[in-house]
S.K.: 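Please find one structure pasted underneath; my questions will follow.
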There are 2 protein chains.
Amino acid sequence: MTKKRVTLADVARLAGLSTTAASMILTGRPDTRLSADAHAKVHAAAASLGYRPNVAARALRTDKSRLIAFISDYVATTRFASGLIRGALAAAEEAKHVMLVLETGGEPAREIQALEAALDRQVDGVIFAAMRAREVFVPDLPINVPTVMLNGTSARFPVSVLPDEYRGGEQAVALLKAAGINDGIVLLGHNAEQEAGLFRSESIAQRFAGIRAAMQSAGMTFLAELSCWNWEPSHGYELTRKQLKTARPRAILCLNDRLAFGAYQALGEAGLEVPDDVALVSFDNDELASYLRPGLTTIGLPHEDMGRRAVELLLSDANAPELVTMPIIERGSLPRA
Amino acid sequence: MTKKRVTLADVARLAGLSTTAASMILTGRPDTRLSADAHAKVHAAAASLGYRPNVAARALRTDKSRLIAFISDYVATTRFASGLIRGALAAAEEAKHVMLVLETGGEPAREIQALEAALDRQVDGVIFAAMRAREVFVPDLPINVPTVMLNGTSARFPVSVLPDEYRGGEQAVALLKAAGINDGIVLLGHNAEQEAGLFRSESIAQRFAGIRAAMQSAGMTFLAELSCWNWEPSHGYELTRKQLKTARPRAILCLNDRLAFGAYQALGEAGLEVPDDVALVSFDNDELASYLRPGLTTIGLPHEDMGRRAVELLLSDANAPELVTMPIIERGSLPRA
DNA sequence: TGCATCTGCTAAATGCTTTTAGCAGGGGGA
DNA sequence: TCCCCCTGCTAAAAGCATTTAGCAGATGCA
């Protein structure tokens with residue numbers, strides 16, 4: 001069980017060459033002058049011994065660890081944004097890197113610890129991921145490796161990966177229009193006047209902005225704008241129920257799928273059919289959206305793509321922020337045009 | 001930006017002592033004979049220089065990396081079992097370890113690569129996590145660090161962490177009985193006769209076994225057992241609809257929350273009230289369960305606890321499997337007794 | 001005074017790989 | 001013949017921390 005590790009020296013000895021030669025051959029150096037015979041012998045020896053390099057020793061010498069730190073507030077923790085990790089993991093694997101994941105709960109003390117733990121391990125780069133897109137607190141430690149902000153921004157690190165919410169907002173409105181719905185639309189989750197002083201996140205602000213711009217340029221206005229701070233199913237349910245008592249909308253533009261879920265419940269209770277009586281569009285492409293009947297058409301948060309992109313940017317030393325486009329997931333909650 | 005790292009030698013120099021002394025003091029060795037004065041000087045020097053040990057160098061010498069590998073098939077990837085990671089991450093952090101997460105999609109080639117990547121980095125232990133509890137394939141490589149199976153089992157590694165499904169099954173039945181429901185119960189998701197030759201997983205088999213044992217010892221029988229292989233909302237919906245055409249059950253025991261979700265939809269369409277017309281109990285405590293109205297009472301999968309437990313066992317060199325109890329999450333889908 | 005023991009500390013080896021500097025021998029050109 | 005260059009390879013240093021073995025001086029005891 002506790003066999004000694006086989007080291008490069010063992011390989012070299014078996015091959016009858018120096019460790020220098022073995023190292024050069026196994027790391028695939030290009031400009032070496034070692035003979036084909038030497039190559040063959042070293043590879044054979046390595047294979048027969050089952051040699052695996054000691055990454056710690058290599059890291060010590062080269063200062064490269066093929067390790068990426070993924071530091072997030074709640075991403076791993078919450079099923080909601082886990083697509084970010086999934087994409088990052090996949091891209092890291094393709095680039096033959098490995099990912100250290102650290103969760104901080106958004107607490108500064110833990111953020112410092114996480115970053116220190118990562119830096120101590122000579123990570124080749126760090127990704128700061130936020131569950132909800134926002135200005136992220138980054139501990140004030142010297143970081144001398146590439147850094148990218150995922151689903152968040154930081155004044156200190158310019159390269160970030162965010163969903164293109166503005167266009168997403170526009171698309172939601174476009175979907176309604178394409179379905180022939182021009183009025184009787186209720187916006188569920190936000191009321192510009194009531195929430196005037198409040199700020200959710202830059203990303204959500206973009207979503208609003210895209211929606212409003214598209215509405216305006218199409219000459220459309222909302223029948224009502226229903227505000228609530230938390231976007232949970234129960235709020236969607238209550239707000240929709242209340243709305244139904246005053247005027248039945250032709251469509252509901254929901255600011256996320258959980259609100260839409262609540263709206264479905266209220267609509268169902270009222271005996272209203274989706275999409276014929278009232279249509280819905282929403283945002284996020286939460287798992288829920290596909291469970292609903294009929295399925296909810298929604299502008300998806302491209303978490304997985306974003307995660308991928310983050311490690312790609314990290315590894316390519318990019319230096320500009322990137323917006324990734326939100327996919328339109330058409331299901332059955334809008335009438336066919 | 002690219003300042004040289006400060007090394008132990010720098011600290012020692014500033015403190016006017018040897019690196020030996022600095023090392024001993026900073027690692028907090030117990031039986032050293034260094035003076036209080038020396039301790040103070042070294043700590044002061046380390047603090048003023050912002051010294052951080054080079055983990056690679058330390059790992060090289062000590063063969064300990066304070067790194068745990070979390071190798072899973074689909075856990076990080078799927079929001080479903082992400083609680084496993086969450087718990088593991090939290091426990092690792094408490095134990096001042098850091099977690100490498102690797103995802104394999106259940107593909108042997110990737111599993112080998114993941115394990116090699118982990119072993120190359122001198123991890124102090126590895127956790128093999130499976131999304132669905134099952135006999136897990138573990139690559140046939142020499143592993144000379146503690147290993148625990150999380151939500152799965154392996155003949156090679158005896159220590160595993162599994163949910164106590166048998167008791168969970170019993171509890172679900174007990175809940176029904178406690179609510180005064182003794183008959184008219186349909187089991188949604190499994191039919192013992194029809195699925196005779198089929199095997200889902202040991203864990204699910206335990207769930208069935210617990211249910212049957214409890215039914216039998218209470219002298220109860222099912223009104224019907226509805227079989228379907230995949231436990232998605234749409235199946236729950238269809239099966240429940242069909243059942244409603246022949247006989248209305250007093251209660252539905254759903255094998256997971258997604259099936260229950262589908263059942264709610266069918267019940268709603270039929271104008272039936274939960275829990276007064278028909279009651280439901282289910283398994284998993286999926287996020288969905290709390291969104292339903294009324295909330296779904298369910299026997300939860302204790303993923304987070306399991307994840308925690310896995311790293312605790314790993315770090316304590318345990319050698320026996322462990323069953324973690326499934327919590328009863330009471331919401332509103334059963335009548336109050 | 002002489003010897004053993006303790007106190008407080010350090011030199012040097014060690015872990016494994018990468019990389020720099022350079023060696024030995026053969027061939028070509030003058 | 002002499003010198004230079006090329007080929008194919010290696011010795012040794014470097015990277016940073018931990019750990020073993022042991023040294024110098026002080027103290028205790030007879």
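Every chain is numbered from 1, with letters handed out A, B, ... down the list of sequences.
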S.K.: What distance separates Leu150(A) CG from His303(A) NE2, expressed to the nearest 0.5 Å?
M.R.: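 So the CG of Leu150(A) and the NE2 of His303(A) are separated by 8.0 Å.
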S.K.: Identify all pairs in which a protein N or O lies below 3.5 Å from an N or O of nucleotides 6-11 of chain D, and state each distance.
M.R.:
from	atom 1	to	atom 2	distance (Å)
dG8(D)	N7	Arg33(A)	NE	3.0
dG8(D)	N7	Arg33(A)	NH2	3.0
dG8(D)	O6	Arg33(A)	NH2	2.9
dC9(D)	OP1	Ser35(A)	OG	3.4
dC9(D)	OP2	Ser35(A)	N	2.6
dC9(D)	OP2	Ser35(A)	OG	3.0
dC9(D)	N4	Arg33(A)	NH2	3.4
dT10(D)	OP2	Ser18(A)	N	2.9
dT10(D)	OP2	Ser18(A)	OG	2.9
dA11(D)	N6	Thr20(A)	OG1	2.7

S.K.: For Arg66(B), enumerate each residue passing the side chain to side chain donor-acceptor pair (under 3.5 Å) test, keeping only those at least two apart in sequence or located in another chain.
M.R.: none
S.K.: In Å, rounded to the nearest 0.5 Å, how long is the span from CG of Leu89(B) to CE of Met99(B)?
M.R.: 4.5 Å
S.K.: Measure NE2/His39(B) against C1'/dG8(C) and give the value in whole Å, please.
M.R.: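 Rounded to the whole Å, the gap is 11 Å.
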S.K.: Taking atom CD1 of Ile71(A) and atom CZ of Arg110(A), what is their separation to the nearest 0.5 Å?
M.R.: 12.0 Å
S.K.: May I ask you to list the residues of residues 58-66 of chain A, by number, that have any heavy atom positioned under 4.0 Å from an atom of DNA chain D?
M.R.: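 Contacting residues: Leu60(A), Arg61(A).
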S.K.: Closer than 4.0 Å, any side-chain N/O of Arg29(B) to the OP1 or OP2 of dT19(D)?
M.R.: yes
S.K.: Would you mind reading off the distance between Asp10(B) atom CG and dG15(D) atom C1', rounded to a whole angstrom?
M.R.: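 So the CG-C1' distance, Asp10(B) to dG15(D), works out to 13 Å.
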S.K.: Under the side chain to side chain donor-acceptor pair (under 3.5 Å) rule, collect the residues that match up with Asp120(A), sequence neighbours excluded.
M.R.: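 If we apply the side chain to side chain donor-acceptor pair (under 3.5 Å) test to Asp120(A), skipping adjacent residues, the hits are Arg52(B).
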S.K.: To the nearest 0.5 angstrom, please state how far the CD atom of Glu111(A) sits from the CG atom of Leu115(A).
M.R.: 9.0 Å
S.K.: What's the separation between atom CG in Leu100(B) and atom CD1 in Ile68(A), rounded to the nearest 0.5 Å?
M.R.: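 So the CG of Leu100(B) and the CD1 of Ile68(A) are separated by 11.0 Å.
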S.K.: Between Tyr51(A) and dT17(C), is there a side-chain N or O to OP1/OP2 distance below 4.0 Å?
M.R.: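 True: Tyr51(A) side-chain N/O within range (under 4.0 Å) of dT17(C) OP1/OP2.
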S.K.: Under a 4.0 Å threshold between the charged nitrogen and the carboxylate oxygen, would Asp305(A) count as salt-bridged to Arg308(A)?
M.R.: no
S.K.: Can you pull out how bent the helix from dT1(C)-dA30(D) to dA30(C)-dT1(D) is, comparing the axes over its first five and last five pairs, to 10°?
M.R.: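 Taking five pairs per end, the axes differ by 60°.
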S.K.: Looking at dC16(D), I'd like to know if its phosphate oxygens (OP1 or OP2) sit under 4.0 Å from a side-chain N or O belonging to Thr7(B).
M.R.: no
S.K.: Taking atom types as modelled, find out whether Ser65(B) and Gln122(B) have a side-chain donor-acceptor pair closer than 3.5 angstrom.
M.R.: no
S.K.: Could you check how far CD1 of Ile25(A) sits from P of dT18(C), rounded to whole Å?
M.R.: 13 Å
S.K.: Without decimals, in angstroms, what is the distance between Arg52(B) CZ and dA17(D) P?
M.R.: 12 Å
S.K.: Rounded to whole angstroms, how far apart are CG on Asp120(B) and C1' on dC16(C)?
M.R.: 13 Å
S.K.: How close do Ser160(B) and Gly152(B) get, heavy atom to heavy atom, and via which atoms?
M.R.: CB-O, 3.5 Å
S.K.: Got a list of side-chain donor-acceptor pairs under 3.5 Å for residues 35-48 of chain B, not counting sequence neighbours?
M.R.:
from	atom 1	to	atom 2	distance (Å)
Ser35(B)	OG	Ala38(B)	N	3.0
His43(B)	ND1	His39(B)	O	3.2
Ser48(B)	OG	Ala45(B)	O	3.4

